[in-house]
S.K.: 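First the structure, then my questions, so here it is.
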Amino acid sequence: MTDPAPQATASYLADPADVGRVLLLYSGGLDTSVMLKWIQDRYEAEVVALTVNLGQPGEDYELVKGKAIQLGAVEAHVIDAREQFAHEYVLRAIKANAIYGLGYPLFTALGRPLIAELAVRQALASGCDTIAHGCTGKGNDQVRIEATIATLATELKVIAPVRSWRMGREEEVAYAREHGIPLKGGSEVTPYSIDDNLWGRSSEGRWIEQLDHPPEDDVFQLVGSPEDAPDEPEVVTVEFERGVPVALNGERLGLVELIERAAEIGARHGVGIVDHIEDRVVGLKVRDIYEVPAAAILLPAHQELEFLVSTSHQNQLKPTLDSKWAYLVYAGLWWEPLRTDLDAYMDAANAQVTGTVGLRLYKGSVRTVTRSSPNAVYDAQLAGFAESGGLFSQAASPGFIELWSLQSRMAWRLRQSTEG
Ligand code: ARG
């Protein structure tokens with residue numbers, strides 16, 4: 001259990017000899033609990049534990065804090081960052097219609113830079129020289145966390161024991177037993193690897209790695225089974241002001257509460273289950289099971305409204321910028337200036353995104369059924385089939401068509417003659 005020579009691979013990795021006081025990103029789970037002890041043993045270092053509340057459902061933060069102290073942390077902090085997460089991260093993702101790949105709304109990717117930023121602040125405030133996290137060497141989370149630390153505080157070093165200690169799950173459990181680390185719910189069944197926050201929940205590991213294995217029921221802890229959802233559909237309305245969701249079913253709510261409420265409604269209707277194959281930034285493909293009931297409602301509602309108030313030219317450009325935004329965030333480059341530049345465009349585009357969208361939820365499906373906006377680039381009279389208005393002359397259309405198709409017709413004929 002020796003570290004590989006860390007200086008050889010990256011400037012920000014800690015030299016074990018220089019580790020004196022470590023800020024540990026502590027979730028209370030097996031990995032980070034073992035780390036809490038292991039860091040004290042291995043480095044003879046003090047550990048300051050930090051747990052960040054991003055709205056993980058059902059978490060008891062006082063319990064986590066108590067556990068950290070019990071395992072020898074010299075300080076244990078819990079930061080409630082839900083408001084900041086909702087307003088500065090999730091809201092930006094909504095404005096950017098942020099989806100990576102075939103349906104991942106990026107909740108973990110959005111959370112990591114904030115968690116890492118808070119770790120940097122707490123590390124500096126608590127006099128730590130090093131930050132420790134529990135990411136493995138196979139995932140995106142290490143990239144997001146370490147890129148953030150290396151960006152924000154060059155004086156802080158990083159250790160990632162799970163990446164270097166080469167303990168398997170069983171060895172960790174054995175280590176935990178040996179060091180009196182309490183294990184949740186027995187240890188016979190290897191748990192899924194879970195990450196969750198306000199914006200969603202992911203599960204990895206176990207049978208999920210077998211691509212031909214359909215999801216087992218026990219993986220779903222947030223979204224109810226679509227089959228068991230109510231037999232009656234429900235229409236939920238989402239109101240936006242300048243791209244910000246402000247009311248649900250007519251009730252004005254703060255963003256955190258609105259997201260939580262949307263998640264409850266979606267979960268009840270079995271909405272937001274995503275079985276996702278993903279191209280990780282580190283190259284591997286992986287399968288994730290996502291439960292994203294709030295995103296499954298708020299993202300399509302936003303996108304519908306944005307589409308309605310934007311011109312066709314804006315509507316052609318926006319998705320390309322959206323996907324660039326999503327990729328930067330997915331790939332751990334939250335601090336990349338292009339992301340903030342893109343956000344400026346997102347804000348400009350969203351200045352018009354005011355109005356209300358109604359979505360019909362039914363046994364796992366979400367479908368937009370109503371839209372209204374004072375900024376809709378839509379005129380019912382012009383668009384209507386009734387012979388009305390005389391606001392423009394339909395007789396003018398052929399002239400338009402002749403010019404519109406001019407080059408295409410010419411080019412087509414040229415091809416015919418060269419091919420023939
Ligand atoms: N694959 C997703 C991502 O890269 C989710 C990762 C979840 N993280 C975890 N430690 N279980 O964003």
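Whatever order the structure lists them in is the order used to number ligands and atoms, beginning at 1.
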S.K.: Taking salt bridge (charged side-chain N to carboxylate O under 4.0 Å, His left out) as the test, write out the residues that go with Asp41, two or more places apart.
M.R.: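 Scan of Asp41 (salt bridge (charged side-chain N to carboxylate O under 4.0 Å, His left out), adjacent residues dropped) gives none.
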
S.K.: Are a donor atom and an acceptor atom from the side chains of Trp335 and Thr148 found within less than 3.5 Å of each other?
M.R.: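 There is such a pair (donor and acceptor under 3.5 Å, judged by atom type) between the side chains of Trp335 and Thr148.
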
S.K.: Is Lys65 salt-bridged to Glu75, cutoff N-O under 4.0 Å?
M.R.: no

S.K.: Output, or 'none' if empty, a list of ligand 1-protein atom pairs in which both atoms are N or O and the distance is under 3.5 Å, rounded to 0.1 Å.
M.R.:
residue	atom	partner	partner atom	Å
ligand 1	1 (N)	Glu204	OE2	3.3
ligand 1	1 (N)	Glu278	OE2	2.8
ligand 1	1 (N)	Asp288	OD2	3.1
ligand 1	1 (N)	Tyr290	OH	3.1
ligand 1	4 (O)	Asn140	ND2	2.7
ligand 1	4 (O)	Arg144	NH1	3.3
ligand 1	4 (O)	Arg144	NH2	3.2
ligand 1	8 (N)	Asp141	OD2	2.9
ligand 1	10 (N)	Asp141	OD2	3.1
ligand 1	11 (N)	Ser193	OG	3.1
ligand 1	12 (O)	Tyr104	OH	2.5
ligand 1	12 (O)	Arg144	NH1	2.8
ligand 1	12 (O)	Arg144	NH2	3.0

S.K.: Compare all side-chain heavy atoms of Asp288 with those of Ile208 and state whether any distance is below 4.5 angstrom.
M.R.: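 Of all side-chain heavy-atom pairs linking Ile208 with Asp288, none is under 4.5 Å.
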
S.K.: Is Arg280 salt-bridged to Glu204, cutoff N-O under 4.0 Å?
M.R.: yes

S.K.: Between Asp347 and Lys95, is there a salt bridge with N-O shorter than 4.0 Å?
M.R.: yes

